[in-house]
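Beneath this line is the structure, given in structure tokens, with notes to follow.
Each chain gets a letter, A, B and so on, in the order the sequences are listed, and its residues count up from 1.
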Amino acid sequence: MELEKELNTQQLKAVLNNENSLLIFAGAGSGKTRVLTYKIAYLIKEKGFDPFEILAITFTNKAASEMKKRVIELVGKVGQYMWVSTFHSFCARLLRKEISRFGYNEKFIIYNSAESLKLISKCITDTGYDLKTVSSKSVQEVISTSKNKLMNHESFSKKAFDPFEKIVARIFPLYQNELFKANALDFDDLLFLTVKLLKNNPDVKEKYQNQFKYILVDEFQDTNLVQNELIVLLHDGSNKIFVVGDDDQSIYSWRGAEVSNIINFDKNFSNTKIIKLEQNYRSTKFILDAANKLIKNNFSRSKKELWTQSHEGELISKFRAQNEQEEAKFAAKKIKDMIESNSDKSFRDFAIFYRTNAQSRAIEEIFIRESIPYRIFGGLKFYDRKEIKDMLAYLKVISNPKDVISLTRIINVPTRGIGNTTISHIEKFSRNNDITFCEAFYGIERINTVNPSTRKKIRDFIDILDELRDYLDNHTIEETIQQLWEKTSYIKELVIENTIESLNRVDNLKEFLTVVKEFEENRSLIQENNKLSLHDFLQEISLVSEVDNYDENADTVTLMTLHNAKGLEFPVVFIVGLEEGIFPHVRSMTGGSDDVEEERRLCYVGITRAKEKVFLTSSILHYIYGDQRERLISRFIGEIPEELFIDENENISLLYPYGKDDNYVANRKPVFQFGNNERYSGQKNINTDEFSGKSKNFKRSSDGSLKKKKDFLDFKVGDVVEHKLWGSGEILRTKKSSDDLELDVVFKSVGLKKILASIAPIKKIK
DNA sequence: AAACGGGAAGAGTTT
DNA sequence: CTTCCCGTTT
């Protein structure tokens with residue numbers, strides 16, 4: 001390891017300093033990942049630290065595995081014994097060992113936001129409130145904020161002041177008790193309980209203080225009070241703290257992140273020192289200039305300026321489109337052009353960032369039309385699909401019989417004759433006898449109000465769950481899931497249903513099985529002869545984020561929110577929707593100026609993801625709630641000096657990227673005058689359907705992807721069609737549905753398939 | 001118990 | 001425009 005060759009002076013200081021608690025101010029692209037990995041490698045190889053003594057906290061699981069991989073490359077296989085994870089995963093791992101001190105069982109499960117929301121709704125109605133007057137979302141937010149400030153329900157109710165807080169104060173303890181009874185933790189509990197554990201149990205605290213001789217935290221600007229407290233508790237004065245952060249990239253204050261954690265670093269830790277990394281190795285000079293100029297508009301920030309030795313590169317492009325579709329077309333056109341003229345460019349080099357998930361739709365529509373491959377992060381996730389949630393609910397109940405939310409989810413899935421009436425009987429019984437719903441359920445024979453045949457059905461269901469629990473003892477999770485399908489007829493029911501939708505679900509379930517298999521195989525690679533336990537598996541599933549699954553090898557354009565973009569880099573970056581009210585978002589503009597500053601930081605993060613080229617685009621007309629509104633151009637564009645821009649609108653040919661036989665038109669007169677736009681008004685409306693914003697030619701399918709409909713009227717029985725994947729096949733049957741045509745097609749390659757004429761990739765060949 | 005339809009409400013970012 | 005919830009029907 002030749003550190004002097006690999007690192008600059010400041011980076012080297014950060015790696016070699018073993019005396020102080022270190023705060024590294026690391027600007028965007030200043031090589032902080034490099035510093036972190038070399039630091040760890042240095043500690044292990046040169047300073048004799050045991051990997052087991054090193055704790056590294058990252059923002060995503062993806063970053064964690066990346067770091068682990070790089071360290072292993074530098075120090076060899078011993079690196080795998082390091083603790084590298086997110087805050088949440090770290091806490092879950094720790095609690096898995098120690099949680100019995102709080103009366104929970106070590107097989108606790110983790111509720112995601114949706115599951116916690118359900119439980120909160122239940123508590124609201126149980127308290128006698130109406131969900132219409134007391135919004136479960138608001139309650140959830142208040143409870144979450146409270147826990148993130150280290151307040152439990154008792155200290156919260158003491159401080160509850162306004163009427164809504166008083167209401168929450170009644171619901172909060174109930175919710176906490178329900179979680180306890182279900183042996184479940186929500187995301188905030190993971191952190192909260194870990195801090196409580198260390199605070200209340202000096203022996204445990206000392207144990208971990210002694211174990212972790214070196215604690216490294218990445219993205220420190222986005223830590224909240226609890227997370228900071230956790231690190232403070234783990235620091236005993238003799239072990240070392242090494243945190244990396246950049247106040248200009250703080251974008252999670254709405255989630256409780258406190259930049260003050262950086263400012264108070266020297267107060268919280270002993271013998272501190274600050275090292276600044278200001279040389280940027282990622283972006284060209286023009287890009288960095290623009291980012292610097294933009295962020296200078298923020299009042300509250302520590303003084304620093306990134307610089308680079310790299311060449312000026314290309315100017316930033318700006319483009320003001322007529323509407324979102326045209327904005328997306330501009331991106332599509334640019335991407336295609338750049339790939340065509342640059343042999344070293346391919347789709348994976350491009351990323352499109354937006355402020356809100358809903359903005360992805362316009363881009364998706366155009367990209368499908370233009371055959372540009374893309375992957376979208378966020379939005380409807382794999383684990384959010386009904387059938388996958390059902391499977392996870394089954395597994396959670398198998399792992400933890402007390403999990404009431406999961407139990408009620410699957411109680412009648414697939415339908416087994418246990419309806420709402422039965423459920424309310426059980427609920428009533430549990431209330432009257434002061435036992436939990438689950439206890440009442442498992443002792444169903446005692447509930448006389450439920451008729452005997454239904455009781456038998458419930459007993460059969462409980463038996464299935466018990467059998468599966470036994471089965472798991474001697475089998476893998478993958479095998480248990482297959483057994484589950486067998487016993488519950490879950491797949492069978494879907495196959496019998498025999499619709500596009502249901503068969504698609506079957507495919508998703510098979511994909512799920514593959515995921516499970518990979519999980520188990522990975523585990524056995526890392527720890528030989530160590531079977532992946534079900535609760536470990538469920539824990540990992542609950543804590544992975546979408547970005548964690550990002551695969552840079554796939555050759556597709558990346559679509560994601562600006563928040564998701566943190567920590568990534570791309571040669572070419574588009575930021576779309578730079579309009580007042582969108583970005584900066586309206587909700588940030590009504591509050592204090594702090595909020596707009598956070599939006600500006602978000603924009604800064606977006607721009608600094610780019611290595612070579614940045615496009616900042618906006619559109620004049622924008623749909624919200626099906627209503628088209630005019631949008632002013634974002635202030636952020638105005639804050640970047642004009643001389644750093646190329647105005648793409650001046651190149652008028654771009655406005656008609658598809659030639660005259662394309663059915664593109666600007667279907668409205670421009671509201672604002674810009675550049676040479678007379679040609680807009682010269683256009684007449686022709687076939688404006690597809691781009692009028694109504695999007696009726698697109699359909700969101702069950703797997704969350706957007707499919708383009710096409711004219712389906714001319715398919716009939718006996719036609720031979722060509723399918724993109726399955727080759728040729730013959731139509732056996734057609735069935736008209738409300739707005740589509742279902743086809744039964746026999747393919748030579750795969751046999752009988754049900755497909756939707758409008759969205760399947762087929763064309764008639766005979 | 002499930003399927004259907006009307007009507008109201010709703011999209012800011014996420015571990 | 002979309003989604004979700006609730007009441008009605010089969």
Review point. Taking the six-membered ring where the residue is Trp, are the ring centres of F353(A) and F583(A) under 6.0 Å apart?
Key: no

Review point. Quick one: is N564(A) getting a side-chain N or O under 4.0 Å of the dT14(B) phosphate, OP1 or OP2?
Key: yes

**Study point:** Closest-nucleotide ordering on DNA chain B, the 5'-leading residue of F187(A) and P414(A)
**Key:** P414(A)

Study note, to complete from the structure: H88(A) has its side chain closest, among dT15(B), dA1(B), dT2(C), to dT15(B)

Check your understanding: Which nucleotide in the list dA1(B), dT15(B), dG12(B) gets nearest to the side chain of T86(A)?
Key -> dT15(B)

**Study point:** Reference residue R635(A); test salt bridge (Lys or Arg N to Asp or Glu O under 4.0 Å); the match among E579(A), E580(A), E599(A)
**Key:** E580(A)

Review point. So, for F108(A) and H535(A), is the gap between ring centers shorter than 6.0 Å?
Key: no

Point to revise | Interface with DNA chain B, restricted to residues 245-254 of chain A and to heavy atoms under 4.0 Å | key: Y252(A), W254(A)

Exercise for review: Consider the side chain of R587(A), meaning its heavy atoms from C-beta on, and name the nucleotide among dG12(B), dA11(B), dT14(B) that approaches it most closely.
Suggested key: dG12(B)

Check your understanding: Under 4.0 Å between a Lys/Arg side-chain N and an Asp/Glu carboxylate O for E141(A) and K137(A)?
Key -> no

Check your understanding: Looking only at atom P, what distance separates dC6(C) and dA11(B), rounded to whole Å?
Key -> 15 Å

Review point. Does the base of dG12(B) carry an N or O that pairs as donor and acceptor with the side chain of E599(A) under 3.5 Å?
Key: yes

Review point. What stem regions, each of at least 3 consecutive Watson-Crick or G-U pairs below 3.5 Å, can be found for DNA chain B?
Key: B:1-10 with C:1-10

Exercise for review: Rounded to whole angstrom, note down the C1' distance from dC4(C) over to dT13(B).
Suggested key: 22 Å

Review point. Quick one: is S89(A) getting a side-chain N or O under 4.0 Å of the dT15(B) phosphate, OP1 or OP2?
Key: no

Scan nucleotides 3-10 of chain B against the protein and return all N/O pairs shorter than 3.5 Å with their distances rounded to 0.1 Å.
none

Review point. Okay, side chain of R416(A), backbone of I411(A): is any donor-acceptor separation there less than 3.5 Å?
Key: yes

Revision key, fill the gap. Atom CD1 of I411(A) and atom P of dA1(B) are separated, to the nearest Å, by 11 Å

Point to revise | Contact nearer the 5' end of DNA chain B, comparing K137(A) with T561(A) | key: K137(A)

Exercise for review: Report the nucleotide, chosen from dT14(B), dT15(B), dT2(C), that has the shortest atom-to-atom distance to any side-chain atom of N357(A).
Suggested key: dT14(B)

Review point. For the side chain of R355(A), counting heavy atoms from C-beta on, which of dT2(C), dG12(B), dT15(B) is nearest?
Key: dG12(B)

Review point. Under the 3.5 angstrom rule, does the side chain of S619(A) hit a backbone N or O of L621(A) as a donor-acceptor pair?
Key: yes

